[in-house]
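Following: one structure in structure tokens, then a few remarks.
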Amino acid sequence: WVPIGGTIDSSKHTISAPFHEFGTYAVALHYTTYTGLQRWAEPYIIPLSNKGVISQALLKQKEQNQTITRFEFTVMLVKALGWKPVPYDGYFQDLSTSNPAYRNDLDYVMAAISKGLVTGRKDQLGNNFMDPNGALTREYAAVFVSRAMNLNIQTYADLQKTESDLSRLYVDYRQIGKWAWPNVLAINKEGIMLGDPTGRFNPKQPLTFAQASTIIYRMMDKMGLLGK
């Protein structure tokens with residue numbers, strides 16, 4: 001059996017789950033024990049694993065303080081949102097169907113591409129690249145999640161006001177790329193990504209597996225994807 005997640009509504013006595021193909025499905029109460037998790041991370045990582053957002057392979061592979069890659073975070077986001085996988089068409093030059101590390105999750109990346117969640121970068125010849133194994137920084141995570149939540153962000157034309165708002169939140173706001181300013185501000189207002197105790201956002205800091213899980217859990221909670 002492969003967990004696909006689902007949303008429980010206790011008041012309506014219903015369970016909703018994303019079905020993308022015909023097959024045999026069952027509702028089950030799933031108990032799993034995990035070792036090596038820090039106490040603060042357990043309430044975020046365990047539910048995401050039980051819902052299939054975090055695959056068993058990823059859970060076994062990643063220490064919670066290891067950095068999360070752009071590919072891994074993208075797949076987690078798409079699964080959390082319940083988007084239907086889309087057949088991968090080779091959009092990114094550095095993301096091949098022949099690589100066993102990516103093969104099983106490429107259709108989730110294609111779903112992210114089709115929804116405008118991930119764009120990558122173009123070279124001079126017009127080829128697209130994702131940098132799938134690249135570490136995901138906090139400012140990029142803010143952009144991805146704000147897109148996933150379809151947040152109403154301040155326009156880039158009003159960067160002066162955005163800068164003023166950010167300056168009251170983070171002492172290191174100038175280290176945040178201006179292209180990410182509106183997204184970082186929007187994600188803060190939603191309580192998804194906040195600063196550290198010293199008032200820093202640390203925009204260039206790579207995101208750890210535990211931090212990524214926490215952010216996605218908060219996003220799902222805010223969007224009502226965790227059940228009632």
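S167 meets the side-chain hydrogen bond (donor to acceptor under 3.5 Å, both in side chains) test with no other residue; sequence neighbours excluded. Qualifying side-chain contact (heavy atoms from CB on, under 4.5 Å) partners for S164, counting only residues two or more places apart in sequence or in other chains: R168.
The aromatic rings of Y102 and F71 sit tilted relative to each other, their planes meeting at an angle between 30° and 60°.
R147 CZ to I187 CD1: the interatomic distance, rounded to the nearest 0.5 Å, is 11.5 Å. Atom CG in N202 sits 7.5 Å away from atom CZ in R200 (nearest 0.5 Å). From Y108, atom OH reaches atom CG of L117 across 15.0 Å, with rounding to the nearest 0.5 Å. Annotation: the span from K122 atom NZ to Q93 atom CD amounts to 10.0 Å, rounded to 0.5 Å. Note that CG of L151 and NZ of K189 are 10.5 Å apart. Values are rounded to the nearest 0.5 Å. Within the model, atoms CE of M219 and CD1 of I192 stand 8.0 Å from one another, a figure rounded to the nearest 0.5 Å.
Linking Ile, Leu, Val, Met, Phe, Trp and Tyr residues whenever their side-chain heavy atoms come within less than 4.5 Å leaves L194 and I216 in two separate clusters. Cluster membership for M223 and I153, using ILVMFWY side-chain heavy atoms within less than 4.5 angstrom, is shared. F129 and I113 sit in two unconnected hydrophobic clusters of ILVMFWY residues. Membership requires side-chain heavy atoms under 4.5 Å apart, directly or through other members. When the side chains of ILVMFWY residues are joined at heavy-atom separations under 4.5 Å, either directly or via intervening members, L185 and V171 end up in two distinct hydrophobic clusters.
Looking at V109 and V118, their side chains never come closer than 4.5 Å, going by heavy atoms from C-beta outward. A 4.5 Å side-chain heavy-atom check between L225 and K51 finds every atom pair outside the cut-off. Contact check for S213 versus I54: side-chain heavy atoms found under the 4.5 Å cut-off. Looking at L166 and N188, their side chains never come closer than 4.5 Å, going by heavy atoms from C-beta outward. Side-chain atoms of P47 and Y217, non-hydrogen and from C-beta on, do get closer than 4.5 Å to each other.
Counting all heavy atoms, side chain and backbone alike, P182 lies closest to T162 at N-CG2, 3.9 Å. Here the closest heavy-atom approach between residue A112 and residue V78 is recorded as CB-CG2, 3.7 Å. Closest approach of R138 and M193 over heavy atoms only: O-CE, 3.4 Å. The minimum heavy-atom distance linking K84 with A111 is given by the pair O-CB, 3.5 Å. Minimum interatomic distance between K79 and V53 (heavy atoms only, all atoms of both residues): CD-O, 3.7 Å. Heavy atoms only, all atoms of each residue included: S49 and L59 are closest at OG-CD2, 3.7 Å.
With M76 as reference, I68 is the one residue of L81, I215, D105, I68 to meet the side-chain contact (heavy atoms from CB on, under 4.5 Å) rule. Evaluated for a side-chain contact (heavy atoms from CB on, under 4.5 Å) with Q61, the options Q56, Q66, E72 yield exactly one hit, E72.
With hydrogens and angles disregarded, a donor-acceptor distance shorter than 3.5 Å links the side chain of W181 to the backbone of I176. Side-chain N or O atoms of R103 include one that pairs as donor or acceptor with a backbone N or O of T97 at under 3.5 Å. Remark: side-chain polar atoms of Y88 are paired, donor with acceptor, to backbone N or O of L95 under 3.5 angstrom. D94 places a side-chain N or O within donor-acceptor distance of the main-chain N or O of D131, the cut-off being under 3.5 Å.
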Decide yes or no on side-chain contact (heavy atoms from CB on, under 4.5 Å) for F209 and L58, but give the supporting numbers first. CA-CA 10 Å; F209 172 55; L58 182 61; 4.1 Å; yes
In sequence, state the C-alpha distance, the side-chain angles, and the governing distance for E139 and W179, and then conclude on side-chain contact (heavy atoms from CB on, under 4.5 Å). CA-CA 9 Å; E139 62 185 354; W179 50 270; 3.7 Å; yes
Steps toward side-chain contact (heavy atoms from CB on, under 4.5 Å) verdict (N183, F144): CA-CA 9 Å; N183 307 84; F144 285 178; over 6 Å; no
Carefully, step by step, assess V145 and R218 under the rule side-chain contact (heavy atoms from CB on, under 4.5 Å). CA-CA 10 Å; V145 176; R218 289 174 178 169; over 6 Å; no
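Residue pairs satisfying the ring pair (Phe, Tyr, Trp, His ring centres under 6.0 Å) criterion with at least one member in residues 186-205, sequence neighbours excluded, are listed as follows: Y170-F201.
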